[in-house]
Amino acid sequence: EFGEGKGKAERIFGLMDVFLKNDPISLQKDILDHVEFTVAKSRFSFDDFEAYQALAHSVRDRLIERWHDTQIHFSKKDPKRLYFLSLEFLMGRSLSNSVINLGVRDQFADALSQLGFEFEVLAEQEGDACLGNGGLARLSACQMESLATLDYPAIGYGLRYQYGLFRQVILDGFQHEQPDYWLNFGNPWEIARIHITYTVKFYGTVTDEVLNKEKYKVWVPGEMVEAVAYDNPIPGYGTRNTIVLRLWAAKPSDQHNMEAYNTGDYVDAVVNRQRAESISSILYPDDRSYQGKELQLKQQYFFVSASVQDIIRRFKDAHKNFDEFPEKVALQLNDTHPSLTIAEVMRVLLDEEHLGWNRAWDIVCKIFSFTTHTVSPDSLVKIPVDLLGSLLPRHLQIIYDINFNFVENLKKMIGLDYDRLARMSIVEEGAVKNIRMANLAIICSHTVNGVSRLHSELLKTKLFKDFYELWPHKFHYKTNGVTQRRWIVVSNPSLCALISKWLGTEAWIRDIDLLIGLRDYATNSELHQEWKMVKKVNKIRLAEYIEAMSGLKVSLDAMFDVHTKRVHEYKRQLLNILGIIHRYDCIKNMNKNDRRKVVPRVCIIGGKAAPGYEMAKKIIKLFHVVAEKINNDNDIGDLLKLVFIPDYNVSVAELVIPGADLSQHLSTAGHEASGTSSMKFLMNGCLLLATEDGSTIEMIEEIGRDNIFLFGAAVHEVPALRKKGPALKVPLQFLRVVRMIREGHFGFKDYFKSLCDKIEGGNDYFLLGADFASYIEAQAAADKAFVDEERWTKMSILCAAGSGKFSSDRTIQEYAEKTWGIQPCRCAF
Ligand code: HBZ
């Protein structure tokens, strides 16, 4: 590996013959070195933020060291690799997770305390990396961590947005969005690889050329942009393996528009060049729909093209024959967003590697797998043909060719059923012709999966029914999971210590199935005492945060009832608010004696609304006006308090989840593909109040119906209820609370009119009225259980004990074995 022979290698080895040391003195020295030479502050005077930066750099050194070792090991073994393609990753903070996974948390904490700093205080200095919207993006982050921990040879690819998901600011109860220019203070967790760049082409024309008597297509681009790699190491837990998340940033290309410089308008030419950077600058903040915007499509292709070039370069470094490609490469499409990858791989194999259609197609059919995260046909991405044809003319041709072959074959299989042919075609005909990205992904992938059992059933019977009937073998289900390293070890250290103590081992951190052992102690009074103590510590932490943020003091004896997720009509935050109004109304009408029996509650809601989603924004405002009224009603006091947690993100979730007694998951049955926050709450011993939707159905199987508060219509009942329209009977209490809003009990009468209209008089698509009575009953059942401390604690223990199935380690192992065909490749030193 050393160009100048063995002598040089030996000399270098002599200079750096040991790994970085992790004893307190070495760590202190490393941190001070970084203060002095990286942060460029005097080692005799630096503040918490500078200390954090220096600390982060010393952790980064250790990450790089392991990552190099892993790389060398992978190159030597040359295993089949997984390439995980996702336009979104919600990584949150890196410091705590890194030191824990590297196994040096306590050593660093000691070293810092000797320097007069507290690890926890410095960890708070870190900002979140919010390069994603919600569940899908956080899932990608959990899965990367599990891939590293389980020693799989994997690489994640994504975009290095300069602006992450907007920051939510609440003014006067209304959501406002502020840009998240997260790289402002530098990012110690990434390594800029300025030499790893690829040119990405856009626009232009396609011509025919003849080479060795064969005709080839040549794409002459109209614009070129450079993609630069930024590597983010992801360390595994209990292993030396450290994998990488490679994010691409757009930079102007030197090949771009050379003539412009010669025409004399130098300044304009430079300004134009600079525009290239806008491709990777903004994360689109809508977590459901694709608006057909050119910049968004450009972004997708930019990411796809750079990743494919990188993958092919790596393959060609070690292999000559493309027929081996499927043995070495598995490409995972995280939703349809990266599905242009299919057309891009075809294009490279055809036009650049000159393999010919049949060979190229054969390879493409063996390498892709596709996960969908939606249940709604409206969320499926469609790209207008005109837009695609102008931005990526060659890709449009290829997609047409794929579709032509597909439709011809399909006719042979199903005959001339034109309706079905039209539904399955990649091209949607109509006033505006569209390319259906989901159809492209299904046709070209060997495996298609939903994210829970129920979701996959819905795919087979509804969304992708036609395809399922054609290729039943392609359809699988992979129930989502989350990583217990972040969601217990990092975010709930006291619970982590408690679990390890009672199980007598820390092995559950890598082997989650061991959690089931807690069941043996579910009625043990000593464990009950300690379990309650842990919850109390976490509630204190959360209460302090609430007070610091909003000035509101909340009672620790109250039930902390949490509903945090993106705000959507189908997730029914509105149902929660109507339930709160009902509770308030009931308390107001109670006599003193009855009031003594009320279980005090702190109702916590948090979540962002897409900036253009008017109804979601109204729901946020409604919560605030209701909170204003109730929190200031002296008659109510601690019986009911409402808290909105602004700017809910990964690090806020780490604080909120461990402190919750109860969490709500209220989606109308059949609308939540899986849901993953419920898994985090479950692991932390928080009880769930939920509909039988997404992965909740599988949770019921794991923990038993007695340990969860269920309510609402089941999936199969929903269509009939909807059909009833205005004839649907809704309870009087429901009508009463809606009337209170309508009549201006909380102010803003006109503003909330449209919101009330949407849930009354046959317009109630998400069935709030139909589910209301059963929701209130489930809430009453939760109250009843809460006052019986022993029962509640037992339920809480059984939730955590039964959460093993919902670790992303299990999910990733299933994908590896059944979908990707990859093996662990552990780097041993
Ligand atoms: O993916 C969510 C599902 O709603 C949820 O049920 C599931 O648990 C989770 C993980 O599988 N979907 C999303 O979070 N979707 C997006 O964030 C999204 C982002 C950009 C889009 C479309 C969807 O253009």
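Whatever order the structure lists them in is the order used to number ligands and atoms, beginning at 1.
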A.B. asks: Which atoms of ligand 1 have any heavy atom of Ala673 under 4.0 Å away?
C.D. replies: 6 (O)
A.B. asks: Under 4.0 Å from ligand 1, counting heavy atoms only, is it the side chain of Leu136, its backbone, both or neither?
C.D. replies: both
A.B. asks: Under a plain distance cut-off of 3.5 Å, with no hydrogens placed, do Tyr815 and Asn449 share a side-chain donor-acceptor pair?
C.D. replies: yes
A.B. asks: Taking atom types as modelled and ignoring hydrogens, do the side chains of Thr676 and Asn480 form a donor-acceptor contact shorter than 3.5 angstrom?
C.D. replies: no
A.B. asks: Just by distance, do the side chain of Asp128 and the backbone of Cys130 share a donor-acceptor pair under 3.5 Å?
C.D. replies: no
A.B. asks: So that I can tick it off, tell me whether Asp647 and Lys608 are bridged by a salt bridge, with the cut-off set at under 4.0 angstrom between side-chain N and carboxylate O.
C.D. replies: yes
A.B. asks: Would you say the side-chain atoms of Thr691 and Asp693 include a donor-acceptor pair closer than 3.5 Å?
C.D. replies: no
A.B. asks: Just need the protein heavy atom nearest to atom 11 (O) of ligand 1, so name the residue and atom and give the distance.
C.D. replies: His373 ND1, 2.6 Å
A.B. asks: Ignoring hydrogens, just give me the one of Thr371, Thr336, Asp287 whose non-hydrogen atom is nearest atom 23 (C) of ligand 1.
C.D. replies: Asp287
A.B. asks: For the 3.5 Å polar cut-off, considering only N or O atoms, please tell me whether Gln296 and ligand 1 meet it.
C.D. replies: no
A.B. asks: Can Arg722 be said to sit on top of Tyr765's aromatic six-ring, NZ or CZ under 6.0 Å from centre and within 45° of the ring axis?
C.D. replies: yes
A.B. asks: Using non-hydrogen atoms of the residue, decide whether Asp286 is closer than 4.0 angstrom to ligand 1.
C.D. replies: yes
A.B. asks: Any nitrogen or oxygen of Glu88 lying under 3.5 Å from a nitrogen or oxygen in ligand 1? Just yes or no.
C.D. replies: no
A.B. asks: Got more than 12 heavy atoms from elsewhere within 6.0 Å of CD, Glu614?
C.D. replies: no
A.B. asks: Looking only at protein heavy atoms, which one is nearest to atom 12 (N) of ligand 1, and how far off is it?
C.D. replies: Arg288 NH2, 3.7 Å
A.B. asks: How close does the nearest protein non-hydrogen atom get to atom 6 (O) of ligand 1, and which residue and atom is it?
C.D. replies: Glu672 OE1, 2.7 Å
A.B. asks: Closer than 4.0 Å to some heavy atom of Val451 - which atoms of ligand 1 meet that?
C.D. replies: 11 (O)
A.B. asks: Side chain or backbone of Asn480 under 4.0 Å from ligand 1, or both, or neither, by non-hydrogen atoms?
C.D. replies: side chain
A.B. asks: Looking at Glu672 and Arg572, is there a salt bridge between them, counting it only when a charged N and a carboxylate O are closer than 4.0 Å?
C.D. replies: no
A.B. asks: Whether Glu428 and Lys382 form a salt bridge (side-chain N of Lys/Arg under 4.0 Å from carboxylate O of Asp/Glu) is what I want to check.
C.D. replies: yes
A.B. asks: What do you reckon, does Leu139 have a nitrogen or oxygen under 3.5 Å from a nitrogen or oxygen of ligand 1?
C.D. replies: no
A.B. asks: N/O of Gly675 under 3.5 Å from N/O of ligand 1, yes or no?
C.D. replies: yes
A.B. asks: Please identify which atoms of ligand 1 are closer than 4.0 Å to at least one heavy atom of Tyr570.
C.D. replies: 4 (O)
A.B. asks: Hey, is His337 touching ligand 1 through its side chain, its backbone, both or neither, going by heavy atoms under 4.0 Å?
C.D. replies: side chain
A.B. asks: With heavy-atom distances below 4.5 Å as the criterion, would you say the side chains of Phe370 and Thr447 are in contact?
C.D. replies: no
